[in-house]
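Chain naming here is simple, since letters A, B, ... match the order of the sequence lines and numbering starts at 1 in each.
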2 protein chains.
Amino acid sequence: MKTLARKDQIRLKAQMLFRERGYSATSMRDLADELGIEAASLYNHISSKEEILQGICFGMAESFFAAVEPVTLSALDPKAKLQSALEAHLRVIAENSDASAVFLHEWRHLGEPFLSDFKLMRRRYEKLFVTLVEEGIARDSFKKMDARVVARTILSATNWTFESQKTSKSDGDATIQQIAELLVEGLIRR
Amino acid sequence: MKTLARKDQIRLKAQMLFRERGYSATSMRDLADELGIEAASLYNHISSKEEILQGICFGMAESFFAAVEPVTLSALDPKAKLQSALEAHLRVIAENSDASAVFLHEWRHLGEPFLSDFKLMRRRYEKLFVTLVEEGIARDSFKKMDARVVARTILSATNWTFESQKTSKSDGDATIQQIAELLVEGLIRR
DNA sequence: CCTACCGATCGGTAGG
DNA sequence: CCTACCGATCGGTAGG
């Protein structure tokens, strides 16, 4: 369907621009220029600038949950589970680097009630990793440590690492495993 | 209690607002309101909005170098040196959390030639940590690994960790040591 | 998807 | 530090 395709084009270009310049510094005219149309024409496909941001932020949230939640429910042992979850998280970022950067940085420009919804969702997601660490500690697979600090440190490291990386398809998988292993082996294993 | 020079007051409030809303989403009128004056009055103390951003970004750059460079030149063994450098880095962030957040996120809104200068400086700073890791590997104090990946992972973890933390004076030092130790012990020691 | 246009707000200046 | 104001640009609408 033609309209859908156009809407996707808008979203893709918006992801790029929001990542590069930030949401507030990107004008609808910038976005329209990138697509070779007039700013007014955008509104045939979307109803507001913020709607685009919402689509990116909540769409990525879905992607992250869809990738990581199944892993947390699996029967793997704690270490393998955490490492798999981390790799799943990293894979989502690697495959959607623009959208991920927007997800990580631009969500604060959401208006209410979306802002509150987003924050809640983000807490729930981080909780997945905290729980994995807690489980590992409880079952004596991980050394004893502050699960919240460790989980946050791990997520932080992964998120930031991809910030300034181009992640070419070739070395992408190697880097993902490298990082996931580095973190899990180093920080977690007793 | 001595009152701050107006220029310093402007900078402090700007740091808060730039951090909370982002540089582009913060207007000079927002900033003026926060100080209880008119927007036009700001220009008696500063010459442009971007000048404020420049002051924050390059001022923090100086703070980071001043704190970390001496450590890299010290005679400590590789592990102690890296951990000290990391703690110095973390202390600067903890003591200037608003300005650090701006330094980390808002620099991209600098115009040329400041943008290029900033990027160069940032590379030089990261290089300090890469070199520390390389030294440790060369002297067989650290396990063999990709120094650039490790250094970046460490910095990433530290930077992000303070993002959403209030860092109350009380638990600040504990957290700094906790994080620095976690990273160095876990990722680096052979 | 375009032309034509809106009110609001932007960073900044003039002049006191 | 204020009043008064500037041209530019913003997100968005009307109507075809």
Side-chain angles (χ1 to χ4, degrees), chain A residues 1-58 102 105-115, chain B residues 2-58 102 105-115 118:
Chain A
M1 206 169 296
K2 205 164 151 195
T3 337
L4 275 178
R6 200 42 146 174
K7 196 166 181 175
D8 291 338
Q9 286 178 33
I10 292 174
R11 184 176 159 153
L12 281 174
K13 292 289 186 188
Q15 285 170 4
M16 285 179 41
L17 292 174
F18 290 174
R19 180 201 193 157
E20 275 169 26
R21 313 180 190 181
Y23 174 77
S24 294
T26 303
S27 74
M28 295 303 273
R29 282 157 182 85
D30 293 336
L31 181 53
D33 282 352
E34 203 77 25
L35 292 158
I37 61 177
E38 293 300 316
S41 303
L42 290 169
Y43 292 89
N44 286 304
H45 305 97
I46 49 109
S47 65
S48 72
K49 186 187 180 186
E50 202 194 305
E51 189 197 78
I52 304 176
L53 182 62
Q54 287 160 16
I56 297 169
C57 288
F58 289 97
V102 175
H105 294 306
E106 307 299 327
W107 55 266
R108 61 183 164 170
H109 296 109
L110 290 168
E112 296 291 0
F114 302 99
L115 183 58
Chain B
K2 187 179 133 197
T3 16
L4 288 170
R6 196 96 246 209
K7 195 166 182 175
D8 291 335
Q9 287 178 32
I10 292 174
R11 184 177 158 152
L12 281 173
K13 291 291 185 186
Q15 286 171 4
M16 285 180 40
L17 291 174
F18 291 174
R19 178 201 196 161
E20 276 168 26
R21 312 180 191 180
Y23 175 76
S24 294
T26 302
S27 74
M28 296 303 272
R29 284 157 181 85
D30 292 337
L31 180 52
D33 283 352
E34 203 76 25
L35 292 159
I37 61 176
E38 292 301 315
S41 303
L42 290 168
Y43 292 89
N44 285 303
H45 305 95
I46 51 110
S47 66
S48 71
K49 184 186 180 184
E50 201 194 305
E51 190 196 76
I52 304 175
L53 183 63
Q54 288 161 16
I56 298 169
C57 289
F58 289 97
V102 174
H105 294 305
E106 306 299 328
W107 56 266
R108 61 182 165 170
H109 296 108
L110 290 169
E112 294 294 358
F114 303 98
L115 183 58
F118 185 87

Sequence neighbours excluded, the answer for side-chain hydrogen bond (donor to acceptor under 3.5 Å, both in side chains) partners of B/R6 is B/Q9
Separation of C/dG11 atom C1' from B/I52 atom CD1, nearest Å, is 11 Å
Residues passing the side chain to side chain contact (heavy atoms under 4.5 Å, CB included) test with B/A40, sequence neighbours excluded, are none
From CG of B/L53 across to C1' of C/dG11 the rounded distance in Å is 14 Å
The side-chain hydrogen bond (donor to acceptor under 3.5 Å, both in side chains) partners of B/E50 (sequence neighbours excluded) come to B/Q54
B/F114 and B/F58 have their tightest heavy-atom pair at O-CZ, 3.5 Å
Between CD1 of B/I10 and C1' of D/dC1 the distance, given in whole Å, is 11 Å
From CE of B/M28 across to P of D/dC5 the rounded distance in Å is 22 Å
Heavy atoms of A/L31 and A/A14 approach each other most closely as CD1-N, 3.6 Å
To the nearest angstrom, the CG-P distance between B/N44 and D/dC2 comes to 9 Å
Residue set satisfying side-chain hydrogen bond (donor to acceptor under 3.5 Å, both in side chains) with A/D30, at least two apart, ordered chain then number -> A/R21, A/S27
Using a cut-off of under 3.5 Å, enumerate the N/O to N/O pairs linking the protein to nucleotides 6-9 of chain C.
none

Read 5' to 3' with Watson-Crick or G-U pairs under 3.5 Å, [ ] for crossing pairs and | for partners on another strand, DNA chain C gives ||||||||||||||||
For B/H45, the side-chain hydrogen bond (donor to acceptor under 3.5 Å, both in side chains) test, sequence neighbours excluded, returns none
Taken to the nearest whole Å, CG/B/L17 to P/C/dC10 is 13 Å
The complete set of salt bridge (charged side-chain N to carboxylate O under 4.0 Å, His left out) pairs with one or both residues in residues 32-44 of chain B, sequence neighbours excluded, reads none
Hits for side chain to side chain contact (heavy atoms under 4.5 Å, CB included) against B/H109, two or more places apart or cross-chain, chain-then-number order -> A/A25, B/Y23, B/S24, B/L53, B/E106
Taken in chain and number order and not counting sequence neighbours, the residues that satisfy side chain to side chain contact (heavy atoms under 4.5 Å, CB included) with A/L12 are A/Q15
When rounded to whole Å, the CZ to C1' distance for the pair A/R6 and C/dC2 reads 13 Å
Contacts of A/E20 meeting side chain to side chain contact (heavy atoms under 4.5 Å, CB included) (sequence neighbours excluded), chain-then-number -> A/M16
- So what does A/T26 touch, heavy atoms closer than 4.0 Å: a base, only the sugar-phosphate, or nothing? sugar-phosphate
Rounded to whole Å, NZ of B/K49 lies from C1' of C/dG12 at a distance of 12 Å
Within residues 30-43 of chain A, the residues having a heavy atom closer than 4.0 Å to DNA chain D are A/A40, A/Y43
